[in-house]
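One structure below.
Nothing fancy with the numbering, it's 1 onward along the sequence. Owing to the predicted nature of the structure, the values given are computational and were not obtained by experimental measurement.
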Amino acid sequence: MGTLASNRKGFITGTSQTNYASALNVATGTATDSATGNQNCIQYFKSSGRGGGTFRFIRTFIHFNTTNLTEASSISLQLTSAGGSNSSNFNVTAIKHSAGSSNGSQISDSDFNNIDRNTAYSAATSFASSGTITFSLNAAAATQINENNDFNVALLLTHDAIQTEEDPLESDGDISNIIAFSSAINLVYTEPAAPSGYTHKVNTIAAANIGKVDTVATANIGKINTVD
């Protein structure tokens, strides 16, 4: 198994709105770049209040430098929870984002809505109150990881990621998931098998005693003159 640590991790608190629908699509927020410690960073908050109330989402933005990954498979995203619930309301979905100029630069207030809801990288995933949370990444994520230098993944409450029309809260309150940012956020994947190399004699010399053939390491040789 291979492991790749995140290059940048942070979250953006969306600007408060007066209703649920507006909060889903607000353009800006307050960014916390290079987050550390335990942070309430995947949230929906609702306070009806007088004069319009307060409705707000928080979204997490993560970047990985995937330059050296070309054949990873069975890929998952793993992080550590410091608070959440197994209730389906707390489910989180990984989707594509373009924050931080899509290349791992600092996230900014204006990046809040730089998400691509049409490109999901995982199914809705339960977010327990503690322990390791594992997002099984799909084929779209694998293609992005193996064919590009940057993998940008946002973590949103599933209600937010799929723009659920109905407000998930019947009364005032919040749905909050906490990430332990001081712990690693990793991609975990299966590495390609190493080449088996050429295993036969060359000019009566056993393969075990041959390091190279015409300067090419035997581990990288499958055939010599078309012969296995």
Side-chain angles (χ1 to χ4, degrees), residues 1-15 26-43 57-82 84 92-125 127 132-158 160-162 177-191:
M1 298 294 287
T3 301
L4 178 67
S6 59
N7 178 63
R8 186 177 293 274
K9 47 190 177 181
F11 60 95
I12 305 176
T13 303
T15 304
V26 66
T28 62
T30 301
T32 301
D33 186 68
S34 301
T36 59
N38 296 344
Q39 299 287 348
N40 184 354
C41 57
I42 309 172
Q43 185 198 62
F57 283 93
I58 305 178
R59 299 167 180 164
T60 289
F61 297 82
I62 305 167
H63 172 270
F64 293 89
N65 182 339
T66 53
T67 302
N68 295 322
L69 295 185
T70 57
E71 297 182 68
S73 60
S74 301
I75 309 170
S76 63
L77 170 68
Q78 294 187 347
L79 54 82
T80 301
S81 170
V92 174
T93 299
I95 70 171
K96 183 178 181 179
H97 77 74
S98 57
S101 300
S102 296
N103 61 11
S105 298
Q106 180 175 331
I107 62 173
S108 64
D109 296 352
S110 60
D111 279 323
F112 182 75
N113 208 34
N114 286 341
I115 56 173
D116 182 358
R117 288 188 171 104
N118 292 319
T119 306
Y121 286 148
S122 79
T125 300
F127 207 100
T132 300
I133 308 298
T134 299
F135 296 85
S136 297
L137 301 184
N138 59 22
T143 297
Q144 178 64 37
I145 289 166
N146 287 319
E147 297 184 3
N148 296 276
N149 294 334
D150 302 282
F151 179 57
N152 298 288
V153 56
L155 301 178
L156 279 62
L157 288 174
T158 300
D160 186 8
I162 64 175
N177 292 325
I178 301 171
I179 292 177
F181 279 104
S182 294
S183 297
I185 298 179
N186 292 327
L187 290 180
V188 179
Y189 55 92
T190 298
E191 298 175 293

For Leu156, is there any backbone N or O sitting under 3.5 Å from a side-chain donor or acceptor partner on Asp160?
no

I need the Leu137 CG to Ile145 CD1 distance, nearest 0.5 Å.
5.5 Å

Please examine the side chains of Ile62 and Asn152, heavy atoms only from C-beta on, and report whether any two atoms are closer than 4.5 Å.
no

Value rounded to 0.5 Å, distance of CD1 in Ile178 from CD in Gln39:
9.0 Å

Any side-chain to backbone donor/acceptor pair from Asn138 onto Ala141? Under 3.5 Å, distance only.
yes

Which heavy atom in Phe112 sits nearest to a heavy atom in Ala27, and how many Å separate them?
CB-O, 3.9 Å

Residue list, side-chain contact (heavy atoms from CB on, under 4.5 Å) with Ser74, at least two apart or on another chain
Thr190

For residues Thr134 and Leu77, determine if any side-chain heavy atom of one lies less than 4.5 Å from a side-chain heavy atom of the other.
no

Would you compute the distance between atom CD of Gln78 and atom OG of Ser136 and round it to the nearest 0.5 angstrom?
9.0 Å

Closest non-hydrogen contact found for Ala72 with Tyr189 is CB-CD1, 3.7 Å

Please walk me through it: do Asn186 and Leu4 pass side-chain contact (heavy atoms from CB on, under 4.5 Å)?
CA-CA 5 Å; Asn186 292 327; Leu4 178 67; over 6 Å; no

Once salt bridge (charged side-chain N to carboxylate O under 4.0 Å, His left out) is applied, do any residues pair with Asp33, and if so which ones, sequence neighbours excluded?
Arg8

Taking Asn7's backbone N and O only, do any of them form a donor-acceptor pair with Asn65's side chain (distance below 3.5 Å, no angle check)?
no

Run the ring pair (Phe, Tyr, Trp, His ring centres under 6.0 Å) test against Phe151 and tell me which residues pass, sequence neighbours left out.
Tyr121

Under 3.5 Å, side chain of Asn146 to main-chain N/O of Glu71, donor-acceptor pair present?
yes

Test side-chain contact (heavy atoms from CB on, under 4.5 Å) applied to Asn148 - qualifying residues, sequence neighbours left out:
Gln144

Using 0.5 Å steps for rounding, measure from the NE2 atom of His63 to the OG atom of Ser98.
12.0 Å

Taking the side chain as every heavy atom from C-beta outward, state whether Asn113 and Thr28 have any atom pair closer than 4.5 Å.
no

Do you know which two heavy atoms are closest between Ala31 and Ser108, and how far apart they sit?
CB-C, 3.6 Å

What distance do Ser81 atom OG and Ile42 atom CD1 have between them, rounded to the nearest 0.5 Å?
9.0 Å

Taking C-beta and beyond as the side chain, do Phe181 and Ser34 meet within less than 4.5 Å on heavy atoms?
no

Do Ile95 and Val153 make a side-chain contact, defined as non-hydrogen atoms from C-beta onward lying under 4.5 Å apart?
no

On a heavy-atom basis, the closest approach of Phe61 and Ile115 is CE2-CG2, 3.8 Å

For Ala139, does its backbone N or O pair with a side-chain atom of Thr143 as donor and acceptor, under 3.5 Å?
yes

Close side-chain approach of Ile162 to Thr93, heavy-atom, < 4.5 Å:
no

Could you tell me if the side chain of Thr32 sits less than 4.5 Å from the side chain of Thr13, heavy atoms only?
no

Taking side chain as C-beta onward, heavy atoms only, is Thr80 less than 4.5 Å from Ile185?
no

Side chain Ser102, main chain Gly100, donor-acceptor under 3.5 Å
no

Heavy-atom pair of closest approach, residues Asn38 and Ala82
CG-CB, 3.6 Å

In Å and rounded to the nearest 0.5 Å, what is the SG to CD1 distance from Cys41 to Ile58?
7.5 Å

Can you see which heavy atom on Leu155 is nearest to which on Ala94, and at what distance?
CD2-CB, 3.8 Å

Partners of Phe64 by ring pair (Phe, Tyr, Trp, His ring centres under 6.0 Å), sequence neighbours excluded?
none

The criterion is ring pair (Phe, Tyr, Trp, His ring centres under 6.0 Å); which residues satisfy it with Phe127, sequence neighbours excluded?
none

Would a distance-only check, ignoring hydrogens and angles, find a side-chain to backbone donor-acceptor pair under 3.5 Å from Gln43 to Asn40?
no

